[in-house]
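Please read the structure below before turning to the comments.
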Amino acid sequence: MGWSGHAESRCTFTYTLSEFEGEPEREWKCPHGAIKGRDRCPFHCQPEAIPDDVAVSEAFLDSIAGDPPESRQDRKRAKQFIGATFDGLDLSNAVVDAADNHPVDLRGATIGRLDCTDSEFGQRLDLRGTTVTDTATFDGTYHEIDAKDATIAEAVFTGVTADRVDLRNAQLDTAAFERATLSEIDARDATLGTATFDRASMTDATFDRVTVDDGSFQHATLEMADFDEAQFGTGDFYHATFDEADFRRAEFGTARFYGATFSGGYFNESSYDEAVFERVEAERLYLPDVTLTDATFADAAISMKLVVHDAVLVDADFEGATVERLDATDTTLVAASFVDAAVTDLHLDGATLASPQFEDSEIDRLRATDVACTGTVRLHGCTVGAVDLRPAAVGPDGVGLVSLSETTVEDGTLGQPDTGAVVYDPERATLGTVRFESDGTQSVLDYVAFYRTRFAGFDFRDDDALDLEASNYRLHELDSGLWDGLRTALAYPAALDEAVKALADGGGNGEAAEPGAVPRVAATGEDGAGSTTSDDNTAATADEPPTPLDVAAEQASGHALPTAARATAERLATATKGRIEAAAGEVTYLRAKNGANDIADNTAASEFFMSQMAYRRRCHSQRVRNSAASLRERGRALARWGMNAFLFVTTGYGERASYTLAASAVLIAAYAGLYLALAPDLFGSAGQYAQLSLGSFIAFFLGGVGEVSDPTVSLLAQSEAFLGGFFVALYVFALTRSVSR
């Protein structure tokens with residue numbers, strides 16, 4: 001091949017080893033023979049100075065193979081090519097497995113193109129500080145590839161099998177590790193432009209402080225993975241599988257963990273512009289102290305716990321998620337959405353609930369003590385096993401709204417803050433053994449808008465702040481001073497959505513938001529840069545920029561109500577005026593009566609039944625006045641209205657025997673007056689007419705009416721006797737019903 005490493009003259013190339021970490025301050029001398037007529041070996045000559053009959057790649061392999069008689073030290077030096085320069089190094093299909101364990105030492109080399117396709121290296125391939133200006137291809141089996149501090153334009157590790165790959169502090173414009181099998185990879189402090197690890201398998205992967213512009217780990221398997229303080233422009237972990245994954249303090253522009261699987265995932269203090277945890281499966285997933293904007297956990301399945309305490313979740317989506325335990329203690333939930341979710345334990349102690357939405361979800365246990373309820377907290381169509389909701393603060397305007405529309409709450413406590421008020425709206429909800437509590441003097445009924453609510457074990461007599469007797473058993477009324485605050489609470493979610501959209505657009509001023517931060521959103525009265533203009537037209541920058549919560553709170557009071565909230569607003573406005581529509585009132589008190597009957601609360605059941613019948617009478621009255629109805633329908637409604645009114649006046653709908661006595665007294669007095677008017681000369685005194693009327697009233701039971709000379713009066717007395725018997729029967733009915741209760 002025109003050159004032998006055993007040439008008489010030696011290469012004159014030297015290299016200062018102290019440039020490599022851990023090496024002493026000494027000069028390394030090339031051990032290889034010089035090319036005839038040159039002062040350097042083929043590995044340290046400039047490529048253009050190498051004769052045509054010298055095949056550099058073959059010379060390289062020949063030097064590695066060595067000579068068996070050589071000493072251990074000579075074999076080590078023969079495999080050293082420190083500071084070498086190669087236009088191209090073709091090691092394809094090579095099998096390098098010498099009898100010694102000395103590394104193939106290419107430290108500090110400069111290589112145009114390195115081709116190790118289908119090669120096998122039984123010893124360490126030392127590329128520390130190496131520069132590859134074109135492509136470095138590794139395709140085969142390796143003991144260890146050490147590329148610490150290397151600079152490689154394009155690194156191809158596709159299909160590689162290696163015990164260890166060391167990329168610490170390396171700079172790789174492009175790195176491809178598709179389908180690689182690595183027992184260990186260490187890329188701490190490395191800088192990777194585009195890195196692809198799709199379907200790779202890594203037992204121990206260390207990427208602490210790595211910087212990756214565009215990283216793809218789709219379908220990769222990483223048993224132990226460390227990404228502490230890593231920085232990703234895009235990190236795509238689509239359907240990746242992790243045993244233990246550590247992403248503490250990592251920074252992502254875009255993080256995609258769609259379908260990823262974790263035994264344990266740790267994302268403490270990490271930050272994101274966009275985060276996708278959709279369809280994630282994990283035993284434990286930790287994201288405390290993070291800020292997530294527009295993140296999705298849709299269809300995630302967490303078998304043990306999801307920890308997001310002390311975090312800020314802006315517009316986070318948990319649709320279809322299944323979580324055993326969700327710890328959101330001291331977390332700010334800004335417009336978070338839980339639709340069709342299932343959470344066994346939900347901890348929200350100390351959290352700020354900025355209009356989150358729970359819809360068609362199942363929550364076995366909900367603990368939310370010392371929470372701040374901002375705007376409307378919506379639980380619609382949910383099933384909650386046990387709840388402990390104790391607000392500490394509400395807003396804006398001192399009123400928060402907890403909407404429980406069509407939700408079932410089986411047990412627990414719903415409290416009030418020390419200042420301000422939380423209005424609970426159990427529209428069409430089902431309440432089990434739930435207690436409404438308050439430390440204030442005002443009845444909790446002033447803050448609960450019962451509307452078509454079902455009661456399944458709800459105890460109206462329980463020792464809580466519900467004072468039914470003081471409120472005359474009226475369930476549908478709200479404190480009249482709450483309306484302005486309620487309207488603001490209903491408008492707040494829409495105002496918050498607009499503020500969040502402005503955040504997503506770059507803080508409302510056209511500038512990109514910083515990763516992981518809640519960007520500034522220009523508030524009313526501020527210019528696009530966040531400055532306020534004073535009277536003398538000088539701009540003053542605010543000490544602290546407003547958050548979306550601040551902006552929404554400021555704009556909510558004057559914000560138009562969204563269409564979806566208008567029906568609720570109308571209903572609650574009516575409740576603050578002490579009214580309820582007739583049909584809804586009938587159903588509301590019917591269900592309250594049934595609930596009271598179920599727990600044998602006879603007093604409440606009686607009062608609720610009377611209210612139910614009163615609202616039924618109003619329904620009949622509305623049908624009578626309905627000009628669109630037929631004459632027959634209106635006549636039927638009139639008859640029912642009359643019967644309802646008669647039962648109320650005469651028996652209190654069977655609940656008041658005293659009403660029957662009063663009606664009987666009125667009837668007796670009326671007949672006495674009628675007798676006097678028809679036959680003024682029949683008796684000498686008014687008392688005798690009263691005596692005639694009373695006798696006639698009870699004559700049905702005494703065996704007949706006494707003789708009366710005036711035939712008209714006699715006929716009236718007979719009719720009074722009939723009515724008397726009827727009223728006595730009504731009295732017995734009302735008295736029996738009252739006693740049976």
Side-chain angles (χ1 to χ4, degrees), residues 11 13-17 19-21 28 30 32 35 38 40-52 54-61 63-64 79-94 96 103-119 121 124-140 142 144-160 162 165-178 180 185 187 189-197 210-215:
C11 178
F13 181 83
T14 61
Y15 199 97
T16 303
L17 291 178
E19 294 184 13
F20 302 109
E21 182 180 353
W28 175 83
C30 178
H32 304 290
I35 299 174
R38 306 282 195 278
R40 290 190 179 185
C41 67
F43 317 118
H44 291 105
C45 277
Q46 291 300 315
E48 61 272 12
I50 299 174
D52 294 339
V54 177
V56 177
S57 298
E58 292 183 20
F60 180 86
L61 292 172
S63 297
I64 291 174
K79 296 169 71 173
Q80 291 180 337
F81 305 87
I82 301 173
T85 301
F86 299 92
D87 187 29
L89 187 56
D90 186 357
L91 305 180
S92 59
N93 299 298
V96 181
V104 177
D105 194 343
L106 282 163
R107 286 180 291 171
T110 300
I111 306 173
R113 182 174 181 274
L114 175 61
D115 187 356
C116 296
T117 304
D118 293 325
S119 59
F121 280 72
R124 181 160 63 102
L125 180 58
D126 195 341
L127 297 170
R128 286 179 288 171
T130 297
T131 298
V132 180
T133 59
D134 193 353
T135 301
T137 303
F138 302 90
D139 178 15
Y142 302 84
E144 180 178 352
I145 301 174
D146 189 347
K148 182 181 178 183
D149 298 307
T151 300
I152 304 175
E154 181 180 3
V156 180
F157 293 84
T158 302
V160 160
V165 175
D166 191 341
L167 297 175
R168 286 177 291 170
N169 290 300
Q171 295 186 23
L172 282 66
D173 293 343
T174 302
F177 285 83
E178 291 100 325
I185 180 171
D189 301 296
T191 300
L192 310 179
T194 300
T196 307
F197 290 82
V210 70
T211 299
V212 183
D213 291 339
D214 189 356

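By convention here, the first residue in the shown sequence is residue 1.
- Side-chain contact check for Phe43 versus Ser63: some heavy-atom pair is nearer than 4.5 Å.
- Among all heavy-atom pairs drawn from Ala153 and Asp134, the shortest one is CB-O, 3.3 Å.
- Annotation: the span from Asp90 atom CG to Arg113 atom CZ amounts to 7.0 Å, rounded to 0.5 Å.
- Note that SG of Cys30 is 9.0 Å distant from CD of Gln80, once rounded to the nearest 0.5 Å.
- Asp139 and Thr137 share no donor-acceptor pair across their side chains, judged by distance under 3.5 Å alone.
- Of the listed residues (Asp166, Ile82, Asp146), just one forms a side chain to side chain contact (heavy atoms under 4.5 Å, CB included) with Arg128, and that residue is Asp146.
- Between the side chains of Thr174 and Glu154, no donor-acceptor pair is found at a separation under 3.5 Å.
- Pairing each heavy atom of Ser119 with each of Leu91, the nearest pair is CB-O, 3.4 Å.
- With a 4.5 Å cut-off on side-chain heavy atoms, Phe138 and Phe121 do not count as touching.
- Within 6.0 Å of atom CG in Asp173, more than 12 heavy atoms from other residues, nucleotides or ligands are found, so the atom counts as buried in its surroundings.
- When the options Phe60, Phe81, Phe13 are evaluated for a ring pair (Phe, Tyr, Trp, His ring centres under 6.0 Å) with His32, the one that passes is Phe81.
- Taking all atoms of both residues into account, the shortest heavy-atom contact from Ala136 to Ile152 is CB-CG2, 3.9 Å.
- The two residues Ile50 and Cys45 have their closest heavy-atom pair at CG1-CB, 3.9 Å.
- Among Phe197, Phe177, Tyr142, the one residue that satisfies the ring pair (Phe, Tyr, Trp, His ring centres under 6.0 Å) test with Phe157 is Phe177.
- Atom CG of Asp214 and atom OG1 of Thr196 lie 7.5 Å apart (nearest 0.5 Å).
- Here the CG atom belonging to Asp189 is positioned 12.0 Å from the CG atom belonging to Leu167, to the nearest 0.5 angstrom.
- The shortest non-hydrogen separation linking Ala94 to Leu61 is CB-CD2, 3.9 Å.
- Taken from OG1 in Thr131 to CG in Leu106, the straight-line distance is 12.0 Å, to the nearest 0.5 Å.
- Counting only heavy atoms from C-beta outward, the side chains of Leu17 and Arg107 approach each other to under 4.5 Å.
- With sequence neighbours excluded, no residue forms a salt bridge (Lys or Arg N to Asp or Glu O under 4.0 Å) with Arg40.
- Distance check, rounded to the nearest 0.5 Å: CG of Leu127 to NZ of Lys148 gives 14.0 Å.
- The nearest pair of heavy atoms linking Val160 to Ala162 is CG1-CB, 3.9 Å.
- Using a 4.5 Å heavy-atom cutoff, the side chains of Lys79 and Val104 are in contact.
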